[in-house]
Structure formats: C-alpha cells, structure tokens
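Notes to accompany the following structure.
These numbers come from the heavy atoms of this one structure, side chains and all, not from hydrogens, waters or symmetry mates. Protein chains get the first letters and strands the later ones, always in sequence-line order, with residue 1 at the start of each.
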Protein chains: 2
Amino acid sequence: MPVPLYQARAEFFRILGHPVRIRVLDLLSDGPMAVRDLLVAIEIEPSNLSQQLAVLRRAGIVTATRAGTTVVYALSGVDVAELLRAARRILAEVLTCQNALLTELREAELG
Amino acid sequence: MPVPLYQARAEFFRILGHPVRIRVLDLLSDGPMAVRDLLVAIEIEPSNLSQQLAVLRRAGIVTATRAGTTVVYALSGVDVAELLRAARRILAEVLTCQNALLTELREAELG
DNA sequence: TGTCGGCTTGAAGAGTTCTGCAATTCCACG
DNA sequence: CGTGGAATTGCAGAACTCTTCAAGCCGACA
C-alpha cells in the first residue's frame, strides 16, 4: 500500500464533502442535466454553482459538454452513484446509533 | 428527501476527507487499537492525532475506551470499512479513467 | 500525597476553502 | 457587426480547517 494513496483517497472524500457538490452528484445520478436545470433545482448563485462544478470536473468525477448555448453535465462513467448510496445507508446507521446512544444517556440520567 | 440530509452527508464525507483520519480508519478496520500504537503507525504529533481522533469521535464513527493508562479506539459498529473499500475501488477507477484520458490526449497531440 | 506517563484540550497563527460581485467568454440570432 | 443570454473566471473578504505549543486531566505506582 503506497503512502500517497491515503492522500488521494482523502482528497476524493474532501471533494464530496460539500452540500452543493453532493446535490449535484445526486441529481446527475438520474442522468445528464443542463446547468440551467441544476440552477433551478439547487437555488444558488450561478457563479457558485460553476465553481463547484469546476471542482467536480477537475477531479474527473463529472464531464461537461456544450449543446449550443447550454452546457450539459454528466457523471463521467465512474460509479459515484453507488458510493452515494452506500454513504446514505451508512449515515442512516450512524444517526440511528447516535439516537440510540442519546436515548440511553437520557434514561441513565433520569433513572 | 429532507433538505438538511444533504448537509449531513456532505459533513460525513468532509470528516473522511483528511489523510490522518483515513489512515486511522484503515488501521481500525483491522480491529481496535491503542493510541500508542496508532502513534507508532502514523508518524505525527500526539496532539494532532488526538485532534483527529476527536473529530472521528464527535462524528460517532469511532469510540474510545480507557484500559488503565492507555486508550483504545475502535470502529463504532458502523460499517465504515465497507465504505472505505468502495472508495478505494472507485478511486482506482477514477485514476484509470484519468490515465486513459491523458494517454488519449497525448496521442491526439502527437498524431 | 506527590509525581510520572499517556492522552486530551485550549488557543493562536498559517493556510485553505467558500461565497458573491464584477468582468469575461462563447455562442446564437437579428 | 452588435446585442443578449448562458456559463465561466478572477478576485477579495469572510469563514473555516490544520497544526503546533502549552497547559490540563486522569490513572498508576511509589
């Protein structure tokens, strides 16, 4: 296991670690989408969306193609959708655990 | 799909987005480990490791238990190991794609 | 009780990321 | 050519994260 791989993996996760970028990936996992439509779905400044799209593009996670006056984004082959599903499941697990723990603590406190 | 869930998922990924934290999770996915041993495996300032462990603890991803004078960390039930494996696979995919693209570009440039 | 080792916490400086405004590019259409 | 809409880029200030030093806490053991 080469050392810089830790770096690469961390960077990959860091790129996913932004609400707008997650939303974009979620939307794109249902198929390609124009920037215009992304803007309608995610209410945000156009320049901000562009910045986040650029981050995803530089990471090779999405690709952009011009279609006349609009630009269409798509997941770039890589199966990020699967990762997002896994994350959703695991997050649910974490939240459940935390709730269980909270309940436990509260009961301990009251008992 | 409630809106703040995007936030939670992004935060989760952001927590994974740090080389030291990734290494810790990798090491812990082989079983619990004392801070002392983590320090030997990951060469880093003790206080820095503690900070990163605190981040993972606050997120509910790992748990700490005292055993006399040493503290032992473990994955907190949640199956993060699976997520790490998925990420490794996907990252390999991304890197392969990027290499393929680079090769393609280089050939186009030379041809 | 005093002190030692292992770990954590607090806080500050350096560095990085995020966001919104203004300016720019690019294409289409008159 | 000039105008207009769509998207991007540059930039600057705010917000956040990382790292390290110093100080604190907690068991163990004399």
Side-chain angles (χ1 to χ4, degrees), chain A residues 3-4 6-28 32-76, chain B residues 3-4 6-28 32-76:
Chain A
V3 173
Y6 291 113
Q7 205 82 19
R9 227 157 10 128
E11 194 177 334
F12 182 58
F13 280 124
R14 199 158 41 72
I15 283 169
L16 298 183
H18 188 289
V20 170
R21 298 198 286 263
I22 289 278
R23 285 189 84 169
V24 166
L25 293 176
D26 261 348
L27 290 166
L28 292 185
M33 213 166 160
V35 172
R36 186 190 302 109
D37 300 331
L38 288 171
L39 266 174
V40 173
I42 314 169
E43 291 177 19
I44 198 182
E45 288 282 321
S47 63
N48 195 349
L49 180 59
S50 257
Q51 297 279 4
Q52 308 310 330
L53 287 172
V55 171
L56 293 172
R57 240 186 303 125
R58 279 196 292 273
I61 297 176
V62 306
T63 58
T65 55
R66 278 204 102 93
T69 176
T70 81
V71 176
V72 175
Y73 277 82
L75 295 185
S76 68
Chain B
V3 172
Y6 291 114
Q7 205 83 18
R9 227 157 9 129
E11 193 178 335
F12 182 58
F13 279 124
R14 199 157 41 72
I15 283 168
L16 297 183
H18 187 289
V20 169
R21 297 197 288 262
I22 289 278
R23 285 189 85 171
V24 167
L25 292 177
D26 260 349
L27 290 166
L28 292 186
M33 213 165 160
V35 171
R36 186 191 298 109
D37 299 332
L38 288 171
L39 267 174
V40 173
I42 313 169
E43 292 177 17
I44 199 182
E45 290 278 324
S47 62
N48 195 350
L49 180 59
S50 255
Q51 296 280 4
Q52 308 309 330
L53 287 172
V55 171
L56 293 173
R57 240 186 305 125
R58 278 196 292 272
I61 297 175
V62 304
T63 59
T65 55
R66 278 202 102 95
T69 177
T70 80
V71 176
V72 175
Y73 276 82
L75 295 185
S76 68

Passing option when B:Leu75 is tested against B:Thr63, B:Leu56, B:Val62 for side-chain contact (heavy atoms from CB on, under 4.5 Å): B:Val62

Separation of C:dC18 P from A:Ile22 CD1 (nearest whole Å): 12 Å

Closest listed nucleotide, where the reference is the side chain of A:Arg36 and the choices are D:dA7, C:dT8, C:dC18: D:dA7

Phosphate OP1/OP2 of D:dA6: any A:Tyr73 side-chain N/O under 4.0 Å: no

Upstream residue (5' side of DNA chain C) when B:Gln51 and B:Ala34 are each assigned their closest nucleotide: B:Ala34

Between P of D:dT9 and CG of A:Leu53, the distance in whole Å: 10 Å

Integer-rounded Å distance: D:dC18 C1' and B:Asn48 CG: 7 Å

Heavy-atom donor-acceptor pair, B:Thr70 side-chain to C:dC7 base, under 3.5 Å: no

Spacing of B:Phe13 atom CZ relative to D:dT17 atom P, expressed in whole Å: 17 Å

Between P of D:dA6 and CZ of A:Arg66, the distance in whole Å: 12 Å

B:Thr69 (side chain) and C:dC7 (base): donor-acceptor pair under 3.5 Å: no

Rounded distance in Å - CD (A:Glu45) to C1' (D:dA6): 15 Å

Contact under 4.0 Å: B:Arg57 side-chain N or O vs C:dT9 OP1/OP2: yes

A:Val55 or B:Ala54, whichever maps to the more 5' nucleotide of DNA chain C: B:Ala54

Check: A:Leu27 and A:Asp37 side chains under 4.5 Å, non-hydrogen atoms: no

Distance in Å, B:Leu28 CG paired with B:Leu53 CG, rounded so as to fall on 0.5 Å steps: 8.0 Å

A:Arg14 side-chain N/O to C:dT17 phosphate OP1/OP2 under 4.0 Å: yes

Distance test, side-chain N/O of A:His18 to OP1/OP2 of D:dT17, below 4.0 Å: no

Short side-chain N/O contact from B:Ser50 to OP1 or OP2 of C:dT8, under 4.0 Å: yes

d(CD, B:Gln7; P, C:dC18) in whole Å: 12 Å

Spacing between A:Leu49 atom CG and C:dT19 atom P, to the nearest angstrom: 11 Å

Closest heavy-atom pair and its distance - A:Leu39, A:Ile44: CD2-O, 3.5 Å

Approximate separation, where rounding is to 0.5 Å, of B:Phe12 CZ and B:Ile61 CD1: 4.5 Å

